[in-house]
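Okay, structure first, notes after.
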Amino acid sequence: MGSFGQGASIDESTIPSSTGYYGSGGGGGYYGGGAPYSTSYSGGAGGSGYTENSLLSNTEMYGYNIPVPQVDFVENYLVSKDNFLQVGENQYNSFDDAISYIDENLEGKGTIVLLKDAIVRTSATVPSTDEIVFDLAGNNLTMTTSITNTGIFSVIDSSEEKNASITNKNTNVFVNQGTLNVINGSITSEKSNAILGNTSDGIINVSEGVNLSGTNAINLTAKQNVNVEKATLTGTTYSVTTSATGSELVIKDSTLTGSTHGIYLNSYNMKLTLNNTNVYGNNGSGIYDNYTSNSTKNTINITGGSVNGTTYGMYLNYSNLTTENVTIKTTSSSTSYYALNMNAYGPIVTINNGTEILSPSTSAVRLNTSLTMNGGTINAGGTDSNGVSFYDSPGGAISLNIYGGTVYGKKNGIYQKHSNITTTIGNKEEELSIETPLVEGGEYGIYREAGKSNFYSGRLKGIKKSYYGEFSKVTTNKSIYTMEEVIDEENPKETYKISYLTDTDAFLEVDGTTYNNFKDAIAAIDGTGTIKVLNDALVHEEITIPEGKNITIDLNSKKITMSQTIINNSDLTITDLSDDKQGTINNIVENGIQNNGNITISYIKLSSIKTAIYGNSGAGNITLDNNAKLSGDVGIYLNTVQKINATDSTITGSTIGIRMQADSSTLTMNNSSVSGGTYGIYTYGYKNT
């Protein structure tokens, strides 16, 4: 058994009976001595030791391992807390005592000064009758419970540096139920909200230079008004979030950053105003509007600054948006995300001058409700991207009004694919321009698979075509002119196709006078008269025969392609008085004729993608003779009591030849044929003949 050297000490009662005393002893001299045992049950090594205050050499040492010291227990117990708050000449070590002094001696109005850095583990409440200023005075406060404000509570830092802070390790820093003014300092919650507004009608004011950070910098669960100016708000989830109905938030000259979404809205009937403010959603949307309801919509007004997201720039479910001089951007390359996404719950968006909606790698705008663009830029740079896209099946009508600015998509400027969509390029109430608005695509300016589109002003531009799919309406007296522009002089075969509106050439004649639209030609006939078609024409105007007139349209073996309906409210004959009898009317968008009076079709072909003749009202007559040919999805559809007389004619429907929906209608056929893909003749009403 090894012995213990000089200077070593041991309390043998502390050694387990199984422990061996193996190892060298102490090194001798002052401060020598080995540990008595180790966890491996071998004796501890001796220390090197000192003799006469000089270190022994290795050859003089008996021990050679470094001893492992034992650790003392750390003892914690409560003592009286030093004073860290001051009101006037009095000092306190708790908020309750400081507030009580203000209540009892200062009529509820006073200033509490933080004297030094402090840690507070007790909650505090500012009474509803109090108006208290809390001066950090350049010091830092660490908390584990909240300060609840039901009165008027202002946080300032009177020091020159203005860099004092309040940090809460566990929960909300402030719970606001009154008026909270954060004028200076950094306010941080490590596990919850910097500011929680949880009762109605509170007010939160955050001033210049303030930094708020937390899971959420500001979280409203009840109606409160928020004013933020020249501040920085950062959230490990959201910078600002609200589930409170009716709140109003005004944020100016500030920076808001959320690790998920920058701003998250889950409420209705609230107003958000951003002025020269930059909003960032580092792993989500800049602004994400999540609420879906039939209640009053939110209103978002953005002027200046930017809204940036890594998924959507902005995602709108239930908020109306107005923008000016702001950039809305997504950095996503996924086709699932857009700079501006509008769902089918009814958001209405108005884009004004200076707005940029940018999507460098994908499509820029997904539209399911209503958007009006008065100026600015929509720019989509992804390989198959569209400036504005319509894809889904919405519950109601969708409208896109491009009155000003530029829409660009690397594939299509505008792409629409639903029957409920109406796109309008240019404002028909303003003076015609051939330059603006501009809709441009790397392939097509506007590509219409379904729905309607109107062209009143501006310019369309594409490499394949400037537009695909015929327009429903064009400015009266105007026609679409398309030209080519060389893209690269070194490759003159590659061109842009550019379309804009020009004056329509005269193609109608009444009594020797020519006209370039049916409205003026009809107006030139006092009672009874004939309109002669001089040239093939594409007609985008609605043709209305007014009551009291008897009009004959002589197609003169020409072809009229129409995108609007002929509405007959009186007496109308459409025929071909030429020798060739090749006259044709083809409606590529709407019903061919809506008959509310008496109509006669002779010698011509009348076709429509919908219904060739639709009997809508009145008790008129539909007469077909002299090899008249009707075709459409439905040849003739009677929704009112009208008489059909067909002689030497053909009626063809891809679905139904003749549909008699109303009671007591009459069909008379002589040497004629009716055919339909489903029914030749379909009668739904009673007492039809």
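- A search for ring pair (Phe, Tyr, Trp, His ring centres under 6.0 Å) contacts involving Tyr496 returns nothing, not counting sequence neighbours.
- In this structure, Tyr500 places its OH atom where more than 12 heavy-atom neighbours from other residues, nucleotides or ligands lie under 6.0 Å away.
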Problem - salt bridge (Lys or Arg N to Asp or Glu O under 4.0 Å) between Asp503 and Lys478, worked out - result: CA-CA 5 Å; Asp503 290 334; Lys478 303 297 179 183; 2.3 Å; yes

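- Side chain to side chain, Thr504 and Asn516 fail the donor-acceptor criterion of an N or O pair below 3.5 Å.
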Practice task
In sequence, state the C-alpha distance, the side-chain angles, and the governing distance for Lys461 and Leu438, and then conclude on side chain to side chain contact (heavy atoms under 4.5 Å, CB included).
Solution key: CA-CA 8 Å; Lys461 186 175 181 180; Leu438 172 63; 4.2 Å; yes

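- Screening residues 355-387 for ring pair (Phe, Tyr, Trp, His ring centres under 6.0 Å) gives no qualifying pairs among residues at least two apart or on separate chains.
- Residue pairs satisfying the ring pair (Phe, Tyr, Trp, His ring centres under 6.0 Å) criterion with at least one member in residues 206-228, sequence neighbours excluded, are absent.
- Residues passing the side chain to side chain donor-acceptor pair (under 3.5 Å) test with Thr369, sequence neighbours excluded: none.
- Under the side chain to side chain contact (heavy atoms under 4.5 Å, CB included) rule, Leu233 has a single partner from Ile263, Asn211, Leu256, which is Leu256.
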Under 3.5 Å, sequence neighbours excluded: what are the donor-acceptor pairs made by side chains of residues 181-189?
from   : atom 1 : to     : atom 2 : distance (Å)
Asn181 : OD1    : Asn205 : ND2    : 2.8
Asn181 : ND2    : Ser154 : OG     : 3.0
Asn184 : OD1    : Asp157 : N      : 2.9
Thr188 : OG1    : Ser213 : OG     : 3.0
Ser189 : OG     : Thr171 : O      : 2.7
Ser189 : OG     : Ser192 : N      : 2.8
Ser189 : OG     : Ser192 : O      : 3.3

Ignoring hydrogens and angles, write down the donor-acceptor pairs under 3.5 Å from the side chains of residues 464-473, residues two or more places apart or on other chains.
from   : atom 1 : to     : atom 2 : distance (Å)
Ser466 : OG     : Ser499 : OG     : 2.5
Glu470 : OE2    : His540 : NE2    : 3.4

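- Listed by chain and number, the residues in a side chain to side chain donor-acceptor pair (under 3.5 Å) with Tyr312 amount to none (sequence neighbours excluded).
- A donor and an acceptor atom, one from each side chain of Ser319 and Asn298, are located under 3.5 Å apart.
- Not a single donor-acceptor pair under 3.5 Å links the side chain of Ser363 to the backbone N or O of Ser385.
- With Thr323 contributing its side chain and Val326 its backbone, the two residues share no donor-acceptor pair below 3.5 Å.
- Listed by first and then second residue, the side-chain hydrogen bond (donor to acceptor under 3.5 Å, both in side chains) pairs that reach into residues 239-259 come to none, sequence neighbours excluded.
- To the nearest 0.5 Å, atom NZ of residue Lys297 and atom CG of residue Asp289 are 10.5 Å apart.
- With hydrogens and angles left out, the side-chain atoms of Asp633 and Thr655 include a donor and acceptor closer than 3.5 Å.
- Among Leu274, Leu316, Thr322, Val307, the one residue that satisfies the side chain to side chain contact (heavy atoms under 4.5 Å, CB included) test with Ile300 is Leu316.
- Side chain of Asn591 to backbone of Ile593: no donor-acceptor contact under 3.5 angstrom is found.
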Practice task
Please report the C-alpha distance between Leu249 and Gln224 in whole Å, then the side-chain angles of each, then the deciding distance to 0.1 Å, and finally whether the side chain to side chain contact (heavy atoms under 4.5 Å, CB included) criterion is met.
Solution key: CA-CA 8 Å; Leu249 289 75; Gln224 296 201 359; over 6 Å; no

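- Residue pairs meeting the salt bridge (charged side-chain N to carboxylate O under 4.0 Å, His left out) criterion with at least one partner in residues 189-206, sequence neighbours excluded, are Lys169-Glu190.
- The aromatic ring centroids of Phe390 and Tyr415 lie 6.0 Å or more from each other.
- Panel note: side chain Asn216, backbone Val240; no donor-acceptor pair is recorded below 3.5 Å.
- Legend: residues meeting side chain to side chain donor-acceptor pair (under 3.5 Å) with Asn198, ordered by chain and number and at least two apart, are Gln177.
- Only one option out of Val173, Asn149, Leu212 pairs with Ile195 in a side chain to side chain contact (heavy atoms under 4.5 Å, CB included); it is Leu212.
- Residues Lys410 and Gly381 approach most closely at CD-O, 3.3 Å, considering heavy atoms.
- A donor and an acceptor atom, one from each side chain of Thr495 and Lys497, are located under 3.5 Å apart.
- No donor-acceptor contact under 3.5 angstrom links the side chains of Asn368 and Asn343, judged on distance only.
- Using modelled atom types, one finds no donor on one side chain facing an acceptor on the other under 3.5 Å when comparing Asn379 with Thr377.
- Of the inter-residue distances, the one linking Ile378 atom CD1 with Glu440 atom CD reads 13.5 Å to the nearest 0.5 angstrom.
- Below 30°, between 30° and 60°, or above 60°: for Phe518 and Phe507 the angle between ring planes is above 60°, a perpendicular geometry.
- A ring pair (Phe, Tyr, Trp, His ring centres under 6.0 Å) check over residues 216-242, counting only residues at least two apart or in different chains, returns the pairs Tyr238-His261, Tyr238-Tyr264.
- Distance check: Leu196 CG to Leu220 CG gives 8.0 Å after rounding to the nearest 0.5 Å.
- Each salt bridge (charged side-chain N to carboxylate O under 4.0 Å, His left out) pair with one or both residues in residues 445-460, not counting sequence neighbours, appears once here: Glu435-Arg459, Lys452-Glu590.
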